[in-house]
Amino acid sequence: MSRIFGIDLGTTNSLIAVIEGGKARVIADPDTNDALLPSVVAIAPDGRVYVGKEAIAMEPRLSREEEGRVSAVGFPGGEYGAVIRSVKRYMGLGGAEVAEQERRRYAFTDVSGPVVRFQIGKRVYTAPQISAEILRALKLRAEKALGEKVERVVITVPAYFNDGQRQATKDAGRLAGLEVVRLVNEPTAASLAYGLNQLAEGKVAVYDLGGGTFDISILNIKGGVFEVLATNGDTHLGGDDIDQALVDWLLEGTAEALKADRHVWNSARHVAEEAKKRLSSVEETELTLELPGAVVRKTLSRAELERLAEPLVKRTLERCAMALKDAGLARGEVEAVVLVGGATRMPLVRRRVAELFGREALCSLDPDHVVALGAAVQAGVLMGTQRDMLLLDVVPLSLGIETVGGVMERLIHRNTTIPTSVTEKFTTAVDNQTHVDIHVLQGEREMAKDCRSLARFKLGPLAPSPAGFPRIAVTFLIDANGILNVSARDERTGREHSVDVKPSYGLTDEEIERMLEEAIDLGEVDVEERLLIVARNDAHQILSALAKQLGEWGHLVSAEERTAFEQASAKLEAASQGTDRELISKLVEELNEMTTPFAERIMDAAIKQALEKKSIEELS
Amino acid sequence: MTLQCPSCGREQEPQLICQQCGMPLPVELDCFAALGLPRKLTIDLPALEERYHDLGKRIHPDRFASSPPRVRSASLSGAALLTRSYRTLRDPVSRGLYWLELNGEKLAENNKQVPAELAETVFEVQEQLAELREAGAGDGALRREVEKRRVELGLAMDELREGLARNFIRWDRSDGSDRAELVAELKSILSKIAYMRTLIRDVDRELDSPRTA
């Protein structure tokens, strides 16, 4: 069986590592010798995908040349190409969960759906699909460097990731053609990397401030067992937020119209990030931002940066105090502190963490590499080469079910060691009830509505019986990845019930299957072939959309138009059977243009219909 | 009752891991059996932890990442059972409650009746907390009084826990003739501990709250 590799799928950078002879090492790109792969994905108008530095290089071209071109079908506002950064922030989120502020950065569609979708030109991408591109690039890099297949991996996730975010990460792996053997929490992975040779036994705190997420984990290390005592964090707090605070400062006094501009924001963010990095070693630095028709010049001192960053750092310290409390430890009882994540290079962070725990933090391993190294160590554990090590992690958030009156009943408490399971008995409330509905929640609040909905499922069909007669034992099991599995057994018959759990967020299995079919392991084929597949998918999309619209809104087209559409469709249909990619793209474009007036008519009619419906409702 | 290992066929006492081939066994066990311990209430905690870690290293799903699904599933439920058993037995209070359960007993569902010996203390503390809430941050003397009370409650809790340990020793030495008495005593101590916990939590909450800080 092939080896298992360790991947750190980070907000800002991603890495792949391997363990050899008991020593973990990061695999650098054999051509450029880069260890870090920026977690940036660019999607060009023709569907070409670029990852890492190449994607960053595409940024100016994609954002200027394509600006203003608005897609005719689909949703307004989508550019033809886009550069996606920090996609990790959107993993596992539902459409409505994207903050207003972030909507300015990207064009999202399906804003009320169970999955965030990016509109990029005519195409729609989910966060796992974009993350899969990063994973694929890492896979190719390692295969090129080592000359062996990369098929099985360990991927790290923030300790505070909920069930949906973890599932989305596994989905990304699957979409990249990888078997995700295990998800490991990032701070825990870091402790493994240190524990391999440099950490004494005892109580350790791992403070992990990355680009987009913050985690604190308190561990007890003893005889090769890495036991997490408590974890806490914030999956939307990281170096990115310090950059955002700096951007706001930098753009103070700039016209509102410019502030709202996506490209101005991007350049400002770049300038801010660079300045922040410089201030880790110097006391003062100059920032220059070129705007259309103006140049902003400002001087930033480290003290000023720290004033801006202080509130965010304070939030992390509050989380640390909560984790300590849950672990049942006083500050002084922590025997070592480990720093992880690029943002911990900031002197302010180091100072505050040292103050809190009363000791200087360890940072002998590169904070950008340590998580990937730990993932590789865990891969070693899974391959059986690190037999004396064992990781006992915890579930970061409580899991429960909704009970009478919308109250959340906790079944598994946060910071419970995983794998763990709990069995709960259910019965019926009325005679001859055929189903029992169960709503699974994750979170710490008292009321169900304030917790995050995880999934719903129905037990049944049940044979007719008096109320309270059925006895169904439902087992909620959280596996070592922190992901929930549900099974049910009828206690009277001993029969296993099938449980069809419908996750509240995330992709369904069918959707993933479809994406996999469409993508047919794009990593394996060459660029031309890949572009052909993309063009054929585009053709398929527009043809099926048009057929559907003609069925529903056929009265909005004249006989001549209909004939023209049908002819163009037949031509495209025929071309998409062939291999002439440019022809297919040209015909897609033509059909798209030809049908634009029709699409506009549909839009008008739909709006009218909606308004009419509304006024009827108001009248009645 | 014996169990046959589905991997190597060896007949053995029900346990988490096959003593011959080291594969996880699909089996339901009580907390003591899961950890391979005799049914005794007195437990040496460092030895318990060591046993938990040793069994954990052998049964954790990470050991069986490349095994067939049947083995992986047995290891997953075995590891979950092991952890649950360890957590139940590690804490004397949950160990005591579990012991009642094993003996077909439990604390009364509506454990609302404040134990008589505690009634006065409960009343006084609630009174003090109410006063503190009303007085707010300004009243340093009142706060110091509550802090003093908190220390007293902590000592009372220690005493209850010592009582619990003594009850455990009596169980382990018992020949079964004084079972009813031991059950009654165990119930009484556990019920007092439950009340004391709530009380201490309320006091801590009030002392922690920013209004009185």
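In what follows, chains carry the letters A, B, and so on, assigned in the order in which the sequence lines appear, proteins first and then strands, with residues in each chain numbered from 1.
- The environment of CZ in A:Arg492 is crowded: more than 12 heavy-atom neighbours from other residues, nucleotides or ligands sit within 6.0 Å.
- In this structure a side-chain-to-backbone donor-acceptor pair under 3.5 Å is missing from B:Arg63 to A:Gly384.
- Annotation: B:Glu50, atom CD; neighbour count of heavy atoms from other residues, nucleotides and ligands within 6.0 Å does not exceed 12.
- If you take CG on A:Leu477 and CG on B:Leu76, they are separated by 4.5 Å, rounding to the nearest 0.5 Å.
- When atom types are taken as modelled, the side chain of B:Arg84 and the backbone of A:Ser421 share a donor-acceptor pair closer than 3.5 angstrom.
- In this structure, B:Gln126 places its CD atom where more than 12 heavy-atom neighbours from other residues, nucleotides or ligands lie under 6.0 Å away.
- No side-chain heavy atom of B:Arg87 sits under 4.5 Å from any side-chain heavy atom of A:Thr420.
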Mind running side-chain contact (heavy atoms from CB on, under 4.5 Å) on A:Met383 and B:Ser66 for me, showing each step along the way? CA-CA 8 Å; A:Met383 289 186 286; B:Ser66 307; over 6 Å; no
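- Contact annotation for A:Arg387: both backbone and side-chain heavy atoms come within less than 4.5 Å of a heavy atom of chain B.
- Between B:Glu49 and A:Lys222 there is a salt bridge, since a side-chain N of the basic residue sits under 4.0 Å from a carboxylate O of the acidic one.
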Let me see the working for B:Lys57 and A:Met389 under side-chain contact (heavy atoms from CB on, under 4.5 Å), right down to the final yes or no. CA-CA 8 Å; B:Lys57 278 184 191 168; A:Met389 287 178 106; over 6 Å; no
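- Neither the backbone nor the side chain of A:Asn485 has a heavy atom closer than 4.5 Å to any heavy atom of chain B.
- Of the atoms belonging to A:Asn220, it is side-chain heavy atoms, and not backbone ones, that fall under 4.5 Å from chain B.
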Give the intermediate values and the outcome of side-chain contact (heavy atoms from CB on, under 4.5 Å) for residues A:Leu382 and B:Phe64. CA-CA 8 Å; A:Leu382 293 163; B:Phe64 303 98; over 6 Å; no
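- Side-chain atoms of A:Pro419 and B:His60, non-hydrogen and from C-beta on, do get closer than 4.5 Å to each other.
- Using a 4.5 Å cut-off between heavy atoms, A:Val181 touches chain B through its side chain atoms alone.
- Residue contact with chain B, scored on non-hydrogen atoms closer than 4.5 Å, is absent for A:Glu179.
- Counting non-hydrogen atoms of other residues, nucleotides and ligands closer than 6.0 Å to CZ of A:Arg445 gives a total of 12 or fewer.
- Residue A:Ile4 does not touch chain B at all, counting heavy-atom pairs closer than 4.5 Å.
- The number of heavy atoms from other shown groups lying within 6.0 Å of CD (B:Glu11) is above 12.
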